[in-house]
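Written out below as structure tokens is the structure these notes cover.
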Amino acid sequence: PATENLRDFAAEKLNADVFSDEVGFNDIVDLTRDLPHYDIVILEDPVLSVAQLTTHRAALENFTSTGGKLIITGQLANSNGEALTGAEYYRKATQTSSDRNSTTFQQLPSLDFELQDDILFDSAQYVQNISGSLHFKTIQRFSDDNESAIATWDYGNGSVLFISDTAATH
């Protein structure tokens with residue numbers, strides 16, 4: 001439901017192009033073909049297959065490294081540990097409330113969170129920096145294991161923002 005609400009809002013209120021595997025929408029193939037036309041791309045809970053991610057990784061990384069802004073929310077792929085833009089993406093094995101609770105560790109001007117604010121995500125995904133980027137910033141950490149629930153980093157001339165889930169209680 002959160003994904004559909006964001007998708008509908010983007011299409012109806014922002015006049016955004018929407019890509020989805022659902023019937024009636026353009027898909028990931030169309031998105032990667034059209035990347036040169038965009039400055040910002042949001043991958044909202046894409047759950048890409050390993051084959052899809054492997055096929056489109058270079059295009060998504062090129063888009064970001066040449067100045068694009070990539071926002072990823074939710075589960076990137078249907079397999080844990082898949083790499084994209086200098087990070088690996090994971091879904092927590094268990095999804096109890098203690099697994100999904102997080103606390104603001106560092107503020108980011110574009111996100112309205114105060115230090116020590118708690119967020120309980122409906123679903124817990126996290127990201128790990130594998131690029132060694134000095135500009136990798138964890139904004140929100142899961143309380144039980146300190147994994148990055150919200151993070152941002154530079155990738156080439158662009159940047160990435162990862163958010164565990166758009167559905168959450170703040």
What's the verdict on side-chain hydrogen bond (donor to acceptor under 3.5 Å, both in side chains) for Gln128 and Ser148, showing C-alpha distance, side-chain angles and the deciding distance? CA-CA 7 Å; Gln128 292 180 340; Ser148 298; over 6 Å; no
Derivation and outcome, side-chain contact (heavy atoms from CB on, under 4.5 Å), residues Arg141 and Glu147: CA-CA 5 Å; Arg141 286 186 175 167; Glu147 294 291 358; over 6 Å; no
Tyr38 and Asp17: side-chain contact (heavy atoms from CB on, under 4.5 Å), yes or no, with the steps? CA-CA 10 Å; Tyr38 301 108; Asp17 295 331; 2.5 Å; yes
Checking Ile72 against Leu84 for the side-chain contact (heavy atoms from CB on, under 4.5 Å) test, could you report, in this order, the C-alpha distance in whole Å, the side-chain angles of both residues, the deciding distance, and whether it holds? CA-CA 10 Å; Ile72 301 169; Leu84 180 69; 4.0 Å; yes
Step by step, would you call Thr85 with Leu70 a side-chain contact (heavy atoms from CB on, under 4.5 Å)? CA-CA 9 Å; Thr85 61; Leu70 181 62; 4.0 Å; yes
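Both Ile163 and Ile40 sit in one connected hydrophobic cluster of ILVMFWY residues. Membership requires side-chain heavy atoms under 4.5 Å apart, directly or through other members. Leu120 and Ile139 fall into different hydrophobic clusters, where Ile, Leu, Val, Met, Phe, Trp and Tyr are joined by side-chain heavy atoms under 4.5 Å apart, directly or via other members. In the hydrophobic clustering of ILVMFWY residues, with side-chain heavy atoms under 4.5 Å counting as a link, Leu35 and Leu53 come out together.
Here OG1 of Thr64 is found 11.0 Å from CG of Asn157. Values are rounded to the nearest 0.5 Å. The CZ atom of Phe142 sits 3.5 Å away from the OG atom of Ser164 when rounded to the nearest 0.5 Å. Atom-to-atom distance recorded for Leu48:CG and Leu43:CG is 7.0 Å, nearest 0.5 angstrom. The distance from atom NE2 of His37 to atom CG of Leu31, rounded to the nearest 0.5 Å, is 11.0 Å.
Taking the side chain to side chain contact (heavy atoms under 4.5 Å, CB included) definition, one finds that Thr96 meets it with Ser98, Asp99, sequence neighbours left out. Remark: Ser131 pairs with Asn129 by the side chain to side chain donor-acceptor pair (under 3.5 Å) rule, at least two apart or across chains. The side chain to side chain donor-acceptor pair (under 3.5 Å) test applied to Asn78 returns no partner, not counting sequence neighbours. The side chain to side chain donor-acceptor pair (under 3.5 Å) search around Asp30 returns Arg33, not counting sequence neighbours. Taking Lys92 as the reference, Asp144, Asp145 meet the side chain to side chain donor-acceptor pair (under 3.5 Å) condition, with sequence neighbours excluded. For the ring-ring contact (aromatic ring centres under 6.0 Å, His included) test, residues two or more places apart in sequence or in another chain that qualify with Phe162 are Tyr89. Residues satisfying the side chain to side chain contact (heavy atoms under 4.5 Å, CB included) test with Ile130, not counting sequence neighbours, are Ala83, Glu88.
Judged by distance alone, with hydrogens and angles left aside, the side-chain atoms of Trp153 form no donor-acceptor pair with the main-chain N or O of Ala87 at under 3.5 Å. Ser102 contributes a side-chain N or O that, together with a main-chain N or O of Ile119, makes up a donor-acceptor pair within less than 3.5 Å. Side-chain N or O atoms of Gln140 include none that pairs as donor or acceptor with a backbone N or O of Ala151 at under 3.5 Å. Formation of a donor-acceptor pair under 3.5 Å by the Asp165 side chain with backbone atoms of Gly74 is not found in this model. A donor-acceptor pair is defined here as one N or O able to donate and one able to accept, closer than 3.5 Å; no such pair exists between the side chain of Ser159 and the backbone of Tyr155.
Among residues at least two apart or in separate chains, there is no ring-ring contact (aromatic ring centres under 6.0 Å, His included) pair with a member in residues 41-88. Residue pairs meeting the salt bridge (charged side-chain N to carboxylate O under 4.0 Å, His left out) criterion with at least one partner in residues 51-77, sequence neighbours excluded, are Arg57-Glu82. For residues 123-134, no residue pair satisfies the salt bridge (charged side-chain N to carboxylate O under 4.0 Å, His left out) rule, not counting sequence neighbours. Among residues at least two apart or in separate chains, side-chain hydrogen bond (donor to acceptor under 3.5 Å, both in side chains) pairs with a member in residues 117-126 are Arg91-Ser123, Arg91-Gln125, Thr103-Asp118, Asp117-His170, Ser123-Gln125. Counting only residues at least two apart or on different chains, no salt bridge (charged side-chain N to carboxylate O under 4.0 Å, His left out) pair has a member in residues 152-164.
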